[in-house]
Amino acid sequence: MKPFFITTAIDYTNGAPHIGHAYEKVLADVLARFHRQNGEEVFLLTGVDQHGQKVQQSAEREGIAPQEYVDGVTAKFLALWEKLGIRFDGWAATTADKHKECVRAILTRLWEDKDPATGGSRWIYKAARSGHYSVRQEQFLTDKERGPDGEFGPEWGQVEFREEENYYFRLAEHREWLLGLIDTRSAEGKPFVIPEFRVVELRNAVEKLEGDLCISRPKSRLSWGIEFPFDPEFVTYVWFDALVNYLSFAPGYDPAAVRPPEEFLHLWRTVIHDIGKDILIPAHGVYWPVMLKALGFTDAEMPTLLVHGWWNISGAKMSKSLGNTVDPDMLADRYGSAALRYYLMSDIATGRDADFSEERLVQRHNVDLANGLGNLVNRSLNMTRKYREGSPNQVVIPEDFSAHLAANAAALSEYSRFMREGQVQAGLERLGDVVNRANALVDASAPWKLAKDPDQAERLDGVLTILILSARTAATMLLSVLPEAAEEILRQLALEPDSLAGEIAPGLPEGYRCGEPQPVFPRLELPAPPAA
RNA sequence: GCCAGUAUAGCUCAGCGGUAGAGUAGGGGACUCAUAAGCCCUUGGUCGCAGGUUCGAAUCCUGCUACUGGCACCA
């Protein structure tokens, strides 16, 4: 079976999930479901990033242990994914023993990979750096933190000059290699980053790459992390912990092996990292490929980065400090997870930003799903039952409608192409075409008139057949985005979905009888505005 | 400061050298199988601003403005 491996970013467990977290997971889930529907061996990996200073501080504020704190937040994420129907195959939690061991094994290997010329590690070195340090905020200050008078403001408390030793991962010397990788991938038509306009951004950043990556924090400053295997005075700092989740929770990875095991590579060669634009540069676009190179991955074994945009709120960035975050849990409760999933997939072009609007969420649900697809299914089944007791006769499709099914087949294959490219919105537009074409056919052929004229009996059978087959094709195209609703439609139609291969059945099965219509998408209403 | 990107109908966006497009919202009509849904027709734009190239520019070039992203600087 052809493999398909997709990962999401792991979310930081320092607050409740917002709409952006939900969007990224729904996108991954939809693509995973599409490939699964296409008969592929799919692995979807998602999870949470649980270490770090902010978690440590939040736990202290609440007077509980960090593990207890992250377990609580993690439960919120898991409950939301359950509510939104996110079906994942691997769950990455960075405080899991499996992950800690993997990170430590990787650090050990890189530390012990000695350069014969110098006798030191080829990848990691220890060095002292100095700077201004705020004791109260427990962080080094840059000149950004200086006030207009050039001094550090009172919010930093006591600021002292401090020297600190840390471990560093060599990055800068891999600049040319990374530029070559980016260019080669683009030239081969398999860009390192999708959408392609982000490749330029990444390339610019890589060209200016200098300096190495600090991968440790002294325990005196940060205790909530993975202890360094060869120096217990330090814990692993963010990216060497978080990024490694893609390996530690992937099936078959062995951190000790010089070359990744074939069992693992089988899946890994197809890997797509579904991430937000905020963590492309430098984490996923620079640190990660160099880390993989250090771990013995060849250029052909580098991932593809699928970079999505953000949901803005009335044109403004969503941020906790602005207090304009959107709670996906509340939206799912208010409108149902299907309406939310459909909105998130249909109203943003993958890779770009969009403006979030509850009004638009309701509108898209009502126009596309309730009035469009839902009503098509309902009216088709009603007429089939009313005029043919659920079983249209097997007839030759009337000549003036014969192009209809061919157009549906074309729409289905275009849908597949868009979905393979991660363009879910474009795929859903093809679904809309199938629905609109069928609804137009109802009015053009007027089955209620045909039913009154015995001479038109065969024509009526043909129209009903096309309508039911169209509803089936539409449901087939809805399966990855709204699996439960699509299955309910197929149940009412009493049909299996079409194959995604592009060919569709020319008629109904022998002895076909449709099921009972039941509205699948009741219309939604916006809550009444609060009384003035 | 540098490098990109975006600016087209109320809204979301497509078009990227040859008479301004789609969906949605607004208006009108005919119908009745249906979730008062659907179908047909239709109003609506000096294509951010100013120049230039061209027989012809939303489309190419230059400058400007606004917004977005990235990087850098912040002695």
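Numbered from 1 within each chain, the chains take letters A, B, ... in sequence-line order.
Nearest nucleotide to the A:Arg352 side chain, out of B:G38, B:C13, B:C71: B:C13. In this structure, the nucleotide among B:C33, B:G38, B:U35 sitting nearest to the side chain of A:Ala370 is B:U35. Nearest nucleotide to the side chain of A:Arg379, out of B:G70, B:C33, B:U35: B:C33. Distance from the side chain of A:Lys277 is smallest to B:U68 among B:C71, B:C33, B:U68. Which of B:C39, B:C33, B:A37 sits closest to the side chain of A:Asn439 comes down to B:C39.
Salt bridge absent: A:Asp355 and A:Arg360 never bring a charged side-chain N and a carboxylate O closer than 4.0 Å. A salt bridge between A:Arg198 and A:Glu201 is present, with a side-chain N of the basic residue lying under 4.0 Å from a carboxylate O of the acidic one. The pair A:Arg459-A:Asp453 does not meet the salt-bridge criterion, since no charged nitrogen lies less than 4.0 angstrom from a carboxylate oxygen.
Contacts of A:Phe521 with the nucleic acid, taken as non-hydrogen atoms under 4.0 Å apart, include base atoms. A:Val377 comes within 4.0 angstrom of no nucleic acid atom, judged by non-hydrogen atoms across all strands.
For A:Ala486, the side-chain contact (heavy atoms from CB on, under 4.5 Å) test picks out A:Leu478, A:Leu479, with sequence neighbours left out.
Where A:Lys386 and A:Asn366 each meet RNA chain B at their nearest nucleotide, the meeting point lying more 5' is that of A:Lys386.
Going from the C1' atom of B:A4 to that of B:A72 covers 14 Å, rounded to whole Å.
For B:C71, the OP1/OP2 oxygens have no side-chain nitrogen or oxygen of A:Arg198 closer than 4.0 Å. An OP1 or OP2 oxygen of B:C71 is reached within less than 4.0 angstrom by no side-chain nitrogen or oxygen of A:Asn204. Listed pair A:Lys449 / B:C31 fails the phosphate criterion, with no side-chain N or O lying under 4.0 Å from OP1 or OP2.
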Considering only nitrogen or oxygen atoms on both sides, find all protein atoms under 3.5 Å from nucleotides 21-26 of chain B and state each distance.
{"from": "B:U24", "atom 1": "O2'", "to": "A:Gln363", "atom 2": "OE1", "distance (Å)": "3.2"}
{"from": "B:U24", "atom 1": "O2'", "to": "A:Gln363", "atom 2": "NE2", "distance (Å)": "3.2"}

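Summarising the local packing, CD of A:Glu458 is surrounded by 12 or fewer heavy atoms from other residues, nucleotides or ligands at distances under 6.0 Å.
With the 3.5 Å cutoff on both pairing distances, Watson-Crick and G-U pairs in RNA chain B assemble into runs of at least 3 at B:1-7 with B:65-71, B:10-13 with B:21-24, B:26-29 with B:39-42, B:48-52 with B:60-64.
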